[in-house]
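Note that the structure is a prediction, hence the values are computed from the model and not measured.
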There are 2 protein chains.
Amino acid sequence: MSIRHAILGLLANGPRHGYDLRATYQDDLVRAGKLNIGQVYTTLDRLERDGFVEHERVVGAEGRDKKVYALTAHGRAELDRWIAGPSPMPLDLRNEVFLKIAIARRIEGVDPQDVIERERRACFERLHEVTQARARAQGVAVEDELLLDLAVLRLKAFLKWLDHCEEKLS
Amino acid sequence: MSIRHAILGLLANGPRHGYDLRATYQDDLVRAGKLNIGQVYTTLDRLERDGFVEHERVVGAEGRDKKVYALTAHGRAELDRWIAGPSPMPLDLRNEVFLKIAIARRIEGVDPQDVIERERRACFERLHEVTQARARAQGVAVEDELLLDLAVLRLKAFLKWLDHCEEKLS
DNA sequence: ACGGCCGTACATACTTGGTATACATATTGA
DNA sequence: TCAATATGTATACCAAGTATGTACGGCCGT
């Protein structure tokens, strides 16, 4: 997923500059997420190129000048369109583990069941980590909980699929 | 996921040229997947740059010459390492629907429950499509079934999460 | 026969998403 | 005082993926 719409969304509540957008993203919008500052500026450039935002140079009280970005009408329309429309639900063809299993079946000397077993173990460990993080988030911030709940559900579904693979390929 | 390891995997059973790799990928390895031919050649270039494959110019019987790629020992080692090691299980921070909900909660005039409801409907439709595709694949090819089973499990997990969001945010 | 389309085959330009790093100044704290 | 940290922007670079260009040959219909 790209960060375009996150920026448009943050700008909907008023103009901000790049550094500020990143801080707000990390500290408020997606608290578990990190955002590379370089990506913020290149994304802002592209959004401006496409007419979604425009910037104004502002000389700060500290002497540093900032580029403060604001949504254009076009940008606001794009944001509304994005929010109102459904998100793509990719089928995850090109799934790495599926590919690994498929290749293992076509190579001599590699047992696909071993591959499945190793992936299962890794998935379990990950689930354990995430479950602990989920417990720590409990009651702190509802959105942090939701994001971790999603991760848990996804990992459980994947484990179920691995079991299913093992059975069907045996 | 990148296509690097798919190509290494296909080359493990003997040398092939670019066009052939793409055909084999689409017709045998991941039958539901499409592979852009341009990506095959650029990936082969990078694999060669990194010493994983090497090529030989072969003049075909038809007069067209091909570049036939083969795994090097280094490439075979990389393939084995990849198969033996676990795949990354990304937490899917930057999930688009989560972002949409989070932004909706921060903007006036947008009801996050509406967002959830719309995503649910889209997800249901997708699930319906995939379920039909799954029924068509039944008994035809076990790997096609597995890939579609994964898609179904994923979509069901996501629907469950949307219900969960609705409840927690109400 | 020939003109168009399709299959085979490779190459390149371009876009996007993402990381790392460089650069500059102000504040803060040991 | 001097080093680390915070604020702020910019750029280079890389990988993944898409679209397009360029050949050549075979097949098919009129």
Side-chain angles (χ1 to χ4, degrees), chain A residues 1-8 10 15-27 30 33-50 52-53 55-69 78 82 87-88 90-96 99, chain B residues 1-8 10 15-27 30 33-50 52-69 78 82 88 90-96 99:
Chain A
M1 194 218 54
S2 105
I3 224 59
R4 281 168 67 93
H5 292 103
I7 289 181
L8 291 181
L10 289 173
R16 287 178 183 279
H17 58 96
Y19 194 80
D20 191 21
L21 283 166
R22 179 224 200 184
T24 309
Y25 179 90
Q26 293 187 157
D27 302 343
V30 186
K34 294 286 170 205
L35 195 47
N36 186 296
I37 185 63
Q39 203 182 345
V40 175
Y41 292 112
T42 51
T43 302
L44 281 169
D45 287 345
R46 283 171 200 157
L47 287 171
E48 185 151 46
R49 178 200 61 192
D50 299 338
F52 295 131
V53 304
H55 81 269
E56 191 190 358
R57 191 144 234 132
V58 170
V59 179
E62 322 85 355
R64 289 190 291 270
D65 52 337
K66 310 169 186 180
K67 285 166 77 172
V68 174
Y69 288 83
E78 166 59 19
W82 177 69
S87 298
L91 275 202
D92 201 14
L93 305 171
R94 304 211 183 176
N95 182 77
E96 179 160 332
L99 187 66
Chain B
M1 196 219 52
S2 104
I3 224 60
R4 281 168 68 91
H5 292 103
I7 288 180
L8 291 181
L10 289 173
R16 287 176 183 279
H17 59 96
Y19 195 81
D20 190 22
L21 282 165
R22 179 225 202 183
T24 308
Y25 179 91
Q26 292 186 159
D27 301 344
V30 186
K34 292 286 170 208
L35 195 48
N36 185 295
I37 185 63
Q39 203 182 345
V40 175
Y41 294 113
T42 51
T43 302
L44 282 169
D45 287 344
R46 285 195 276 263
L47 288 171
E48 185 150 46
R49 178 200 60 192
D50 299 339
F52 295 132
V53 304
E54 55 195 8
H55 82 269
E56 192 191 356
R57 193 143 235 133
V58 171
V59 180
E62 323 85 356
R64 291 190 290 269
D65 52 336
K66 311 169 185 180
K67 285 167 77 174
V68 174
Y69 287 83
E78 166 60 19
W82 177 70
L91 274 201
D92 201 14
L93 305 170
R94 306 213 182 171
N95 181 77
E96 179 160 333
L99 186 66

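Qualifying side-chain contact (heavy atoms from CB on, under 4.5 Å) partners for B:D45, counting only residues two or more places apart in sequence or in other chains: B:Y69.
Atom CD of A:Q26 is separated from atom P of D:dG8 by 14 Å (rounded to the nearest Å). Nucleotide D:dA15 holds its C1' atom 13 Å from the NE2 atom of B:H5, rounded to whole Å. For the pair A:Y25 OH and C:dG17 P, the computed distance is 13 Å after rounding to whole Å. Rounded to whole angstrom, the span from the CG atom of A:L35 across to the P atom of D:dT9 amounts to 14 Å. For the pair A:I3 CD1 and C:dG18 P, the interatomic distance rounds to 7 Å; values are reported in whole Å. Remark: P of D:dT11 and CG of A:L44 are 14 Å apart, rounded to the nearest angstrom. The nearest whole Å value for the distance from the NE2 atom in A:H55 to the C1' atom in D:dA10 is 13 Å.
A:D50 places no side-chain N or O within 3.5 Å of a backbone atom of A:F52 that could act as its donor or acceptor partner. Between the side chain of A:R16 and the backbone N or O of A:L21 there is no donor-acceptor pair closer than 3.5 Å. With hydrogens and angles disregarded, no donor-acceptor distance shorter than 3.5 Å links the side chain of B:Q39 to the backbone of B:I3. With B:R94 contributing its side chain and B:L99 its backbone, the two residues share no donor-acceptor pair below 3.5 Å.
Considering only side-chain N and O atoms, A:R22 lies nowhere under 4.0 angstrom from the phosphate OP1 or OP2 of D:dT9.
What you find for B:H17 and B:K67 is that their closest heavy atoms are CB-O, 3.1 Å.
B:R4 is not listed as a side-chain neighbour of B:W82, based on a closest heavy-atom distance of 4.5 Å or more. Counting heavy atoms from C-beta outward, A:E78 and A:H5 have side chains that approach closer than 4.5 Å.
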Set out, line by line, the N/O atom pairs under 3.5 Å between protein and nucleotides 14-16 of chain C.
| unit_1 | atom_1 | unit_2 | atom_2 | d |
| --- | --- | --- | --- | --- |
| C:dT16 | OP2 | A:R49 | NH1 | 3.3 |
| C:dT16 | OP2 | A:R49 | NH2 | 3.3 |

Show each protein N/O and nucleotides 10-13 of chain C N/O combination with a separation under 3.5 Å, one pair to a line.
| unit_1 | atom_1 | unit_2 | atom_2 | d |
| --- | --- | --- | --- | --- |
| C:dC10 | OP1 | B:K67 | N | 2.6 |
| C:dC10 | OP2 | B:H17 | ND1 | 3.3 |
| C:dC10 | OP2 | B:G18 | N | 3.4 |
| C:dC10 | OP2 | B:Y19 | N | 3.2 |
| C:dC10 | OP2 | B:Y41 | OH | 2.9 |
| C:dA11 | OP1 | B:K67 | NZ | 3.3 |
| C:dA11 | OP2 | B:K67 | NZ | 3.3 |

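Atom CD of A:E56 has 12 or fewer heavy atoms from other residues, nucleotides or ligands within 6.0 Å.
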